[in-house]
Amino acid sequence: MVTASYWVIVGGADKGGILVREGQELKSSAVSDRLSTGAEVEQIEVIGDRFHYRLVSGSGPKEGWVSTRVRGKEQLANKALLEDAAKTVLLSAPLPARQVVGLHSGYRHRWAVNIDHWRPSGDADGQEFQFLLNLIPEEDERKTVMRFRFLEDKKRALVSRLLIRQASASALNLASFKNIKIKRTKGQKPFLAEPLPSDPEAPNWNANCSHEGSWVVLASEPKCVAGIDVAELRRTNKFGVPIAFHDVFKENLTPKEWDYVKTHGPDADMEYEAFSRFWSAKEAFVKARGDGIVYPLGNAEFHWTPLEGCEDQSAYDGSVAIEGQHSPKWRFVQHRMPCSDPTDSPHWTTVGRGPLSEIVDAHGEFTQTLRKRSFTAEEWTEILQEDSPHFDVLPVAALVPQDHMSDYVKAGGSKFP
């Protein structure tokens with residue numbers, strides 16, 4: 001960074017500003033308020049990548065420490081350099097809004113739909129639900145949705161199928177599901193069979209879905225294999241009886257992982273939250289692989305560090321040791337899902353990104369869609385270090401392709417965008 005007295009905050013635009021800590025160390029306490037994007041600060045001192053500031057204008061803590069870079073992105077810009085650059089520009093068009101879903105939304109998606117916020121008129125037999133159901137061309141998939149007894153289960157099943165199709169359409173820049181063919185592996189993992197993205201930047205595009213409790217989530221990746229899992233922090237079964245998770249899942253966590261869980265007590269709910277984070281990571285791992293819980297979950301041990309730029313205990317960066325050996329070809333990112341109401345049940349979501357060489361695909365149809373199998377060690381490290389973004393929370397209407405939006409509104413849905 002250039003030595004100067006005054007700086008402008010340029011990071012954190014999608015999070016309401018950047019994270020501030022009380023001290024230089026990353027383990028020091030985080031301040032509750034963020035330093036707003038666009039705020040002007042005075043430099044007090046810089047130690048490595050840590051910046052000690054005093055607030056000049058804008059909102060946020062009056063003084064504190066911030067990181068100069070987060071996952072390769074600059075968080076501050078030199079004010080004098082910005083002013084010099086502005087003098088050379090006579091007219092500058094505003095930056096376009098980020099396209100979250102649909103045409104030109106890219107290949108790496110992180111989408112989440114809260115089904116509690118969707119109450120279709122007439123429930124599953126109503127016009128809106130049936131319209132969305134009929135967007136799915138495969139009859140067997142539609143029948144699977146309607147076989148569920150309860151409405152909430154039908155909503156989860158329908159939304160997960162719409163997510164995978166809308167993600168595929170978005171990656172292909174299509175405004176309809178008409179020509180998209182979705183298949184499933186022997187392990188029932190859905191994948192885009194045809195057509196495939198022609199962009200060389202997305203030779204291995206794939207997506208994965210998960211649902212539990214209030215949330216249905218999706219992650220997609222252009223080069224590595226993606227796995228995702230969402231875990232609801234409900235420590236009781238459907239009859240309201242507490243789950244003896246220490247005993248029931250004893251073999252699924254390693255001794256070190258159980259030690260981590262126990263340090264988050266003595267409250268059982270807090271221990272269960274730590275356990276659920278491990279469970280979600282293991283599910284994301286085996287879902288990326290494709291073999292599900294047939295894999296001995298106790299063979300995978302996860303290690304976590306706080307994800308820089310996020311509130312304390314709200315996001316983690318993870319690695320995995322397989323049968324005791326650290327595996328540098330995998331990376332995991334966890335986020336605590338937002339709660340819009342104090343009565344909402346908390347959830348954790350884990351996204352796993354891993355190598356194509358560890359995919360389990362008995363029929364071989366999924367692996368045939370992956371067209372770049374070889375990467376150098378440097379290329380793979382760069383891929384894993386690419387940003388795994390926060391989740392975009394979408395309404396159900398966002399899953400409707402634009403060619404069908406007007407008909408969806410006629411069926412009782414809300415227009416998006």
Side-chain angles (χ1 to χ4, degrees), residues 1-101 104-106 108-110 112 305-317 333-340 382 385-393 417:
M1 294 180 62
V2 179
T3 302
S5 297
Y6 296 97
W7 299 80
V8 176
I9 305 303
V10 295
D14 58 338
K15 304 180 186 71
I18 64 175
L19 186 69
V20 178
R21 294 188 182 275
E22 293 179 355
Q24 174 199 340
E25 298 295 327
L26 291 175
K27 293 182 179 179
S28 65
S29 299
V31 182
S32 58
D33 292 334
R34 285 179 173 259
L35 183 58
S36 65
T37 304
E40 182 182 335
V41 298
E42 181 183 4
Q43 174 184 320
I44 298 175
E45 62 178 322
V46 178
I47 302 177
D49 287 336
R50 300 290 288 163
F51 183 97
H52 190 192
Y53 77 89
R54 183 180 295 110
L55 184 65
V56 176
S57 64
S59 62
K62 295 187 181 300
E63 186 176 323
W65 289 82
V66 297
S67 294
T68 59
R69 291 170 64 88
V70 174
R71 295 191 293 278
K73 297 181 179 179
E74 296 287 349
Q75 303 297 291
L76 304 94
N78 177 266
K79 182 184 178 184
L81 294 180
L82 285 178
E83 290 175 343
D84 288 344
K87 293 174 184 177
T88 66
V89 180
L90 297 177
L91 180 63
S92 177
L95 290 173
R98 182 171 67 91
Q99 186 71 23
V100 172
V101 63
H104 311 298
S105 61
R108 179 174 290 116
H109 299 116
R110 300 290 186 270
T305 57
L307 191 62
E308 180 60 22
C310 298
E311 299 289 345
D312 272 353
Q313 301 180 15
S314 69
Y316 294 89
D317 207 335
V333 173
Q334 285 189 329
H335 286 100
R336 202 174 201 270
M337 301 303 287
C339 292
S340 58
E382 184 177 343
Q385 290 305 313
E386 289 178 0
D387 190 30
S388 183
H390 283 256
F391 281 85
D392 291 306
V393 178

Distance from [X] atom [atom1] to [Y] atom [atom2], nearest 0.5 Å?
{"X": "R336", "Y": "C310", "atom1": "CZ", "atom2": "SG", "result": "13.5 Å"}
{"X": "E45", "Y": "Q24", "atom1": "CD", "atom2": "CD", "result": "7.0 Å"}
{"X": "D33", "Y": "K62", "atom1": "CG", "atom2": "NZ", "result": "11.0 Å"}
{"X": "Q43", "Y": "K79", "atom1": "CD", "atom2": "NZ", "result": "14.5 Å"}

Whether F391 and H335 hold their rings parallel, tilted or perpendicular, with breakpoints at 30° and 60°: perpendicular

Could you pull out the closest heavy-atom pair between [X] and [Y], with the gap in Å?
{"X": "M337", "Y": "A112", "value": "CE-CB, 3.6 Å"}
{"X": "V10", "Y": "L76", "value": "CG2-N, 3.8 Å"}
{"X": "S67", "Y": "L26", "value": "OG-CD2, 4.0 Å"}
{"X": "R110", "Y": "H390", "value": "CB-O, 3.6 Å"}
{"X": "S36", "Y": "I9", "value": "O-CB, 3.6 Å"}
{"X": "I18", "Y": "Q75", "value": "CG2-OE1, 3.2 Å"}

Results of salt bridge (Lys or Arg N to Asp or Glu O under 4.0 Å) for E22 - residues two or more places apart only: none

All side-chain contact (heavy atoms from CB on, under 4.5 Å) counterparts of V20, not counting sequence neighbours: V31, L35, Y53, P61, V66

Candidate pair V333 and Y316, rule side chain to side chain contact (heavy atoms under 4.5 Å, CB included), full reasoning: CA-CA 6 Å; V333 173; Y316 294 89; over 6 Å; no

The single option from L55, I44, V41 passing side chain to side chain contact (heavy atoms under 4.5 Å, CB included) against E63: I44

Heavy atoms of other groups near E382 CD, more than 12 under 6.0 Å: no

